[in-house]
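In this chain, numbering begins with 1 at the start of the sequence shown.
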Amino acid sequence: MHYAANGQFKEALAVILQTNPFPNVQGMVCNHPCTEKCTRINYDNSLQIREIKRFIAQTNKVQENKDDIQLSPKADNGLKAAVIGGGPSGFSAAYFLRMKGFAVDLFEAKEFGGGMAADAIPAFRLNDLSIKKDIDRIIALGVKVHYGSFIGEKEFADIKDKYDYIYIGVGASKAYPLNIPGDNAKGVFDQLEFLSAVRRGNKPDTGKNIVVIGGGNSAMDAARTAKRLAGKDGKVSILYRRSIKEMPADKEEIDAALEEGIEIQEML
């Protein structure tokens, strides 16, 4: 923030990259708990750290797939590491391992990287270019990425014999089932499968009157996505078993849903 205030944007990005290999992604979708607890509140307003991080990441131009700043990994240490999972966790592990001189192979079951950030967060909150910039920077360090590589029991046994270390970052890509009669009926969607389908360019037939059950961030994403599919004359309602104040979703996500005309019904 010191460098940003002085217009030294390249230096600011270098500081961020010491501990955070995903400044473009985090600048877009971080839930910024630091802002809520910022001690500057005692004087006036919180420091807008996420927005400044986004500005720094977007201001530093990328030319020929290279940042203005050049990262320099340490000399090869002779050790090999396998990373299973190509989401933010797996790619972050690959980044820090490579910077320390490890040879790194990353295995991702899907045909693209980014994990749930690329396959569930709606594009109106996080665009593909932001994800690509951060991943391309990590790959440019020499990380070898193997997309379409599901690691089952046999593959895992092979990896254990070939690598000195293994990092497992496969994520939690399954949603909780509702477990009530009718939850498998036509027109009932798992929120993660729904968000993934839309993110990949498919548009499920949602109709014009849509109900979202739940009060977390993925529920807000599903509701706001459904609102866009339903159109101006469509109606989207969020049903939650407790009060709005008790919702686990971030306040700004709840506010965004309300601003878009989505109804929230409490204590249901």
Using a strict 4.0 Å threshold on nitrogen-to-oxygen distance, state whether R228 and E260 make a salt bridge.
-> yes

Is the shortest distance from a Lys or Arg side-chain nitrogen in K160 or E155 to a carboxylate oxygen in the other one below 4.0 Å?
-> no

Take D205 and K186, measure what salt bridge (Lys or Arg N to Asp or Glu O under 4.0 Å) needs, and give me the verdict at the end.
-> CA-CA 10 Å; D205 183 12; K186 181 180 178 182; over 6 Å; no

Do K227 side-chain atoms and G234 backbone N/O form a donor-acceptor pair below 3.5 Å?
-> yes

Do V212 and L239 have side chains that get closer than 4.5 Å, going by heavy atoms?
-> no

Verify same cluster id: L71, V15 (apolar side-chain graph, 4.5 Å) | no

Derivation and outcome, side chain to side chain contact (heavy atoms under 4.5 Å, CB included), residues K203 and V198 = CA-CA 5 Å; K203 294 186 177 181; V198 177; 5.6 Å; no

Can you name the closest pair of heavy atoms from A117 and I131 and give their distance?
-> O-CD1, 3.7 Å

For M116, the rest of its hydrophobic cluster, which grows through side-chain links under 4.5 angstrom = L192

Heavy-atom check, side chain of T39 versus side chain of I41, under 4.5 Å | no

With rounding to the nearest 0.5 Å, note down the distance linking CE in M220 to CG in D255.
-> 10.5 Å

Nearest-0.5 Å distance, CG of residue D221 to CD1 of residue I121 = 7.0 Å

Who are the side chain to side chain donor-acceptor pair (under 3.5 Å) partners of D128, not counting sequence neighbours?
-> R199

Okay, side chain of N6, backbone of H2: is any donor-acceptor separation there less than 3.5 Å?
-> yes

With distance as the sole test, does R50 use its side chain to make a donor-acceptor pair with the main-chain N or O of C30 at under 3.5 Å?
-> yes

Are there more than 12 heavy atoms of other residues, nucleotides or ligands under 6.0 Å from atom NZ of K100?
-> no

Report yes or no: do F96 and L13 belong to one cluster of Ile/Leu/Val/Met/Phe/Trp/Tyr joined by side chain heavy-atom distances under 4.5 Å?
-> yes

Give every residue pair that meets the side-chain hydrogen bond (donor to acceptor under 3.5 Å, both in side chains) criterion with at least one member in residues 14-29, sequence neighbours excluded.
-> N20-Q26, N24-D134

Has R224 got its NZ or CZ under 6.0 Å from the middle of the six-membered ring of F124, at an angle within 45 degrees of the ring axis?
-> no

Between atom CD1 of I254 and atom OH of Y240, what is the distance when rounded to the nearest 0.5 Å?
-> 9.0 Å

pair R40-S46: side-chain heavy atoms closer than 4.5 Å = no

Locate the shortest heavy-atom distance separating Q191 from A175; write the atom from each residue and the value.
-> OE1-CB, 3.4 Å

Taking the side chain from E108 and the backbone from G86, do they hold a donor-acceptor pair closer than 3.5 Å?
-> yes

From CA spacing to verdict: side chain to side chain contact (heavy atoms under 4.5 Å, CB included), F102, V83 = CA-CA 12 Å; F102 288 80; V83 174; over 6 Å; no

Non-hydrogen atoms of A219 and G214 that approach each other most closely = CB-O, 3.5 Å

Step by step, would you call K208 with D233 a salt bridge (Lys or Arg N to Asp or Glu O under 4.0 Å)?
-> CA-CA 7 Å; K208 293 290 185 181; D233 57 341; 3.2 Å; yes

Of all heavy-atom pairs between A197 and P204, which one has the smallest distance, and what is that distance?
-> CB-CG, 4.2 Å

Side chains of I16 and K53 in contact at under 4.5 Å (non-hydrogen atoms) | yes

Please tell me if the side chains of M99 and K74 come closer than 4.5 Å, counting only heavy atoms from C-beta onward.
-> no

Within one Ile-Leu-Val-Met-Phe-Trp-Tyr cluster: I139 and V25, side-chain cutoff 4.5 Å = yes

Between F91 and Y147, what is the ring plane arrangement, given parallel below 30°, perpendicular above 60°, and tilted in between?
-> tilted

Salt-bridge contact E36-K251 (side-chain N to carboxylate O under 4.0 Å) = no

From OG (S92) to CD1 (I138), nearest 0.5 Å | 6.0 Å

Count the heavy atoms belonging to other residues, nucleotides or ligands that lie under 6.0 Å from NZ of K110, then report whether that count exceeds 12.
-> yes

Can you tell me how far CD1 of I264 sits from CD1 of I244, rounded to the nearest 0.5 angstrom?
-> 4.5 Å

Minimum-distance pair of heavy atoms, taken over all atoms of A81 and Y163 = C-CD2, 3.6 Å

Common cluster, V145/I166, ILVMFWY with side-chain heavy-atom separation under 4.5 Å = no

Side chain to side chain contact (heavy atoms under 4.5 Å, CB included) between V104 and Y167, intermediate numbers included | CA-CA 10 Å; V104 182; Y167 179 88; over 6 Å; no

Trace of the side chain to side chain contact (heavy atoms under 4.5 Å, CB included) decision for I159 with F107 = CA-CA 10 Å; I159 284 177; F107 301 90; 4.0 Å; yes

F9 ring center within less than 6.0 Å of F55 ring center | yes

So which heavy atom on P88 is nearest to which on F22, and how close?
-> O-CE1, 3.6 Å

S130 and N127: side chain to side chain donor-acceptor pair (under 3.5 Å), yes or no, with the steps?
-> CA-CA 6 Å; S130 295; N127 58 49; 2.8 Å; yes

Taking the side chain as C-beta and beyond, is there a heavy-atom pair between Y165 and L79 under 4.5 Å?
-> yes

Can you check side chain to side chain donor-acceptor pair (under 3.5 Å) on S196 and E193, steps first, answer last?
-> CA-CA 5 Å; S196 174; E193 291 180 1; over 6 Å; no

Could you check D119 against R200 for salt bridge (Lys or Arg N to Asp or Glu O under 4.0 Å), going step by step and ending with a plain yes or no?
-> CA-CA 7 Å; D119 206 25; R200 298 190 193 197; 2.9 Å; yes

Straight-line distance of L141 CG to D136 CG, nearest 0.5 Å | 11.0 Å

Side-chain heavy-atom pair K10, N60 within 4.5 angstrom cut-off | yes

Taking a hydrophobic cluster as the set of Ile, Leu, Val, Met, Phe, Trp and Tyr residues connected by side-chain heavy atoms closer than 4.5 Å, whether directly or through intermediates, do F194 and I210 fall within one such cluster?
-> no

Report, as yes or no, whether the 6.0 Å neighbourhood of atom CZ on F112 holds more than 12 heavy atoms from other residues, nucleotides or ligands.
-> yes

Check whether any side-chain heavy atom of L17 lies under 4.5 Å from a side-chain heavy atom of R137, and answer yes or no.
-> yes

Between E266 and R242, is there a side-chain N and carboxylate O pair less than 4.0 Å apart?
-> no

